[in-house]
Amino acid sequence: MNNAPKSPPAPAEAPVALTKATKATPPADPAVPVIAIDGPVGVGKGTLAQALARRLGWHYLESGALYRVLGLLAERRGVALDDAPALAALAGGLELSFTVTEGATAIVRLGGAGDGGGDGTDGADGGGDGADGETAETGEILGDAIRSEQAGRRASQIAPLPAVRAALLAWQRARARPPGLVADGRDMGSVVFPDSACKIFLTADAEARAARRLLQLQEKGFDVNLAQLLRDIKARDERDSKRAASPLRCAGDAYQLDTTGRNAAQVLAAVWLRVERAWPRLQNLHAQPRRPA
Ligand code: DC
């Protein structure tokens, strides 16, 4: 079954400044294979994406963390969640990096370039479920503060703003670097990496997702209850899928998988078959000559 070779682990990346995207944001490097994983909250995207990235030795992009970080920074700096120009400016001043290390982790580093801060390199490995990571803002560790339901809600509130999405687009596409990228979010297959040769769209009953989120959040010490989580999830589904800019939707060429009643290993096994099937196309992409810079 395993015709997808393991590559050596992707090297840690230096923080890269987010640049404001123009309307003509260039596409991701077509020579780099991308696996795009989308779906609503609590569906198991992060766990799956990190497992794939680890298995393949590819980079990992957790796009939701960008919106979560931005929402949290906005709140801390008194920027209103509907102030599109201020939010876009804030996004343009961040420095972030994501790496996958043993034990599963997205590490986010914020340098606060927009406000003259230092290099903020306090990221550290998170726990083993792939859901956490650490975030530093000019030396201040945000850590699990971006993992709360409130942070998810804030992220979902700023995410519909086209200026915010535009400000984050180029940076996300620039994460497509050799040997490959596994990216998860809402619009990875539809907007950010539309040319991906392997698109996965996960679904699950809202009740099953709420139960999963309950466990994840309780493990992190958050005080949550199932009924409230279910309400939050439904509200977020509604906001994420009904917005005009890059709504949550399944790309036409995506493989859909209902993860209700499946554990992480079963989801990985099912998706791995699709990765193997897509492997020749992923490899062909890799073999194509690089476009001139
Ligand atoms: O994946 P997540 O739950 O961490 O994402 C938090 C919010 O960020 C989500 O409700 C909507 C927004 N988001 C988005 O609009 N586009 C993405 N690619 C990822 C997240």
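For ligands, and for the atoms within them, numbers begin at 1 and follow the listed sequence. We're numbering straight along the sequence, starting at 1. Worth knowing before you read on, the calculation uses all heavy atoms, side chains too, and leaves out hydrogens, waters and symmetry mates.
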Participant: For atom 20 (C) of ligand 1, find the nearest protein heavy atom and state the residue, atom name and distance (0.1 Å precision).
Facilitator: Gly64 CA, 3.5 Å
Participant: Quick check: do Tyr255 and Arg277 have side-chain heavy atoms less than 4.5 Å from each other?
Facilitator: no
Participant: Could you list the atoms of ligand 1 found under 4.0 angstrom from a heavy atom of Ala155?
Facilitator: 6 (C), 7 (C), 8 (O)
Participant: Hey, is ligand 1 close enough to Tyr67 that some N/O pair sits below 3.5 Å?
Facilitator: no
Participant: Using the rule given for side-chain contact (heavy atoms from CB on, under 4.5 Å), can you reason through Ser63 versus Val192, listing the C-alpha separation, both sets of side-chain angles and the distance that settles it, and then say yes or no?
Facilitator: CA-CA 10 Å; Ser63 62; Val192 180; over 6 Å; no
Participant: Taking the basic N atoms (NZ, or NE/NH1/NH2) and the acidic carboxylate oxygens, is any pair closer than 4.0 Å for Asp232 and Arg213?
Facilitator: no
Participant: Pairs of donor and acceptor atoms involving the side chains of residues 199-206, under 3.5 Å and at least two apart or interchain, shall be tabulated with distances.
Facilitator:
residue : atom : partner : partner atom : Å
Lys199  : NZ   : Gly189  : O            : 3.1
Lys199  : NZ   : Pro194  : O            : 2.8
Lys199  : NZ   : Asp253  : OD1          : 3.1
Lys199  : NZ   : Asp253  : OD2          : 3.2

Participant: Less than 3.5 Å between some nitrogen or oxygen of Asp240 and one of ligand 1, yes or no?
Facilitator: yes
Participant: Of the backbone atoms (N, CA, C, O) and the side-chain heavy atoms from C-beta on, which set of Arg186 has a member under 4.0 Å from an atom of ligand 1: side chain, backbone, both, or neither?
Facilitator: both
Participant: Report the C-alpha separation of Lys220 and Gln216 in whole Å, then their side-chain angles, then the decisive distance to 0.1 Å, and conclude whether the side-chain contact (heavy atoms from CB on, under 4.5 Å) test is met.
Facilitator: CA-CA 7 Å; Lys220 291 186 184 306; Gln216 283 174 350; 5.7 Å; no
Participant: Should you measure from each heavy atom of Ser156, which atoms of ligand 1 turn up under 4.0 Å away?
Facilitator: 7 (C), 10 (O)
Participant: Atoms of ligand 1 less than 4.0 Å from Ala159 heavy atoms?
Facilitator: 12 (C), 15 (O)
Participant: Give the atom numbers and elements of ligand 1 that come within less than 4.0 Å of a heavy atom of Gly185.
Facilitator: 18 (N), 19 (C)
Participant: After noting the C-alpha distance and the side-chain angles of Leu61 and Trp171, does the key distance pass the side-chain contact (heavy atoms from CB on, under 4.5 Å) rule?
Facilitator: CA-CA 11 Å; Leu61 169 63; Trp171 188 85; 3.9 Å; yes
Participant: Show which residues join Leu214 in its hydrophobic cluster (side-chain heavy-atom contacts under 4.5 Å, direct or indirect), or state none.
Facilitator: Leu217, Phe222, Val224, Leu226, Leu229
Participant: Just to be sure I read this right, does ligand 1 sit under 4.0 Å from the backbone of Arg154, its side chain, both, or neither, counting only heavy atoms?
Facilitator: neither
Participant: Heavy-atom distances under 4.0 Å decide this one: backbone, side chain, both or neither, for Arg239 against ligand 1?
Facilitator: neither
Participant: Can you find a non-hydrogen atom of Arg153 under 4.0 Å from ligand 1?
Facilitator: no
Participant: Show the atoms of ligand 1 that are less than 4.0 angstrom away from any heavy atom in Met188.
Facilitator: 18 (N)
Participant: Among all the protein's non-hydrogen atoms, which is closest to atom 16 (N) of ligand 1, and how far away is it?
Facilitator: Arg165 NH2, 3.0 Å
Participant: Between the side chains of Arg147 and Glu62, is the shortest nitrogen-to-carboxylate-oxygen separation below 4.0 Å, so that they form an ion pair?
Facilitator: yes
Participant: Looking only at distances, can you tell me whether any N or O atom of Arg243, backbone or side chain, sits closer than 3.5 Å to an N or O atom of ligand 1?
Facilitator: yes
Participant: Under a 4.0 angstrom heavy-atom cut-off, which atoms of ligand 1 come close to Arg236?
Facilitator: 3 (O), 5 (O), 6 (C), 7 (C), 9 (C), 10 (O)
Participant: Side chains of Arg209 and Val41, heavy atoms from C-beta outward: is any pair under 4.5 Å?
Facilitator: yes
Participant: Quick test: of every protein heavy atom, which one is nearest to atom 4 (O) of ligand 1, and how far off is it to 0.1 Å?
Facilitator: Arg68 NE, 2.5 Å
Participant: Flag the pair Val275 / Arg55 as yes when at least one side-chain heavy-atom distance between them is below 4.5 Å, and no otherwise.
Facilitator: no
Participant: For atom 19 (C) of ligand 1, what's the nearest protein heavy-atom neighbour? Residue, atom name and distance, please.
Facilitator: Ser63 OG, 3.4 Å
Participant: Strictly by modelled atom types, are Ser190 and Arg249 linked by a side-chain donor-acceptor pair under 3.5 Å?
Facilitator: no
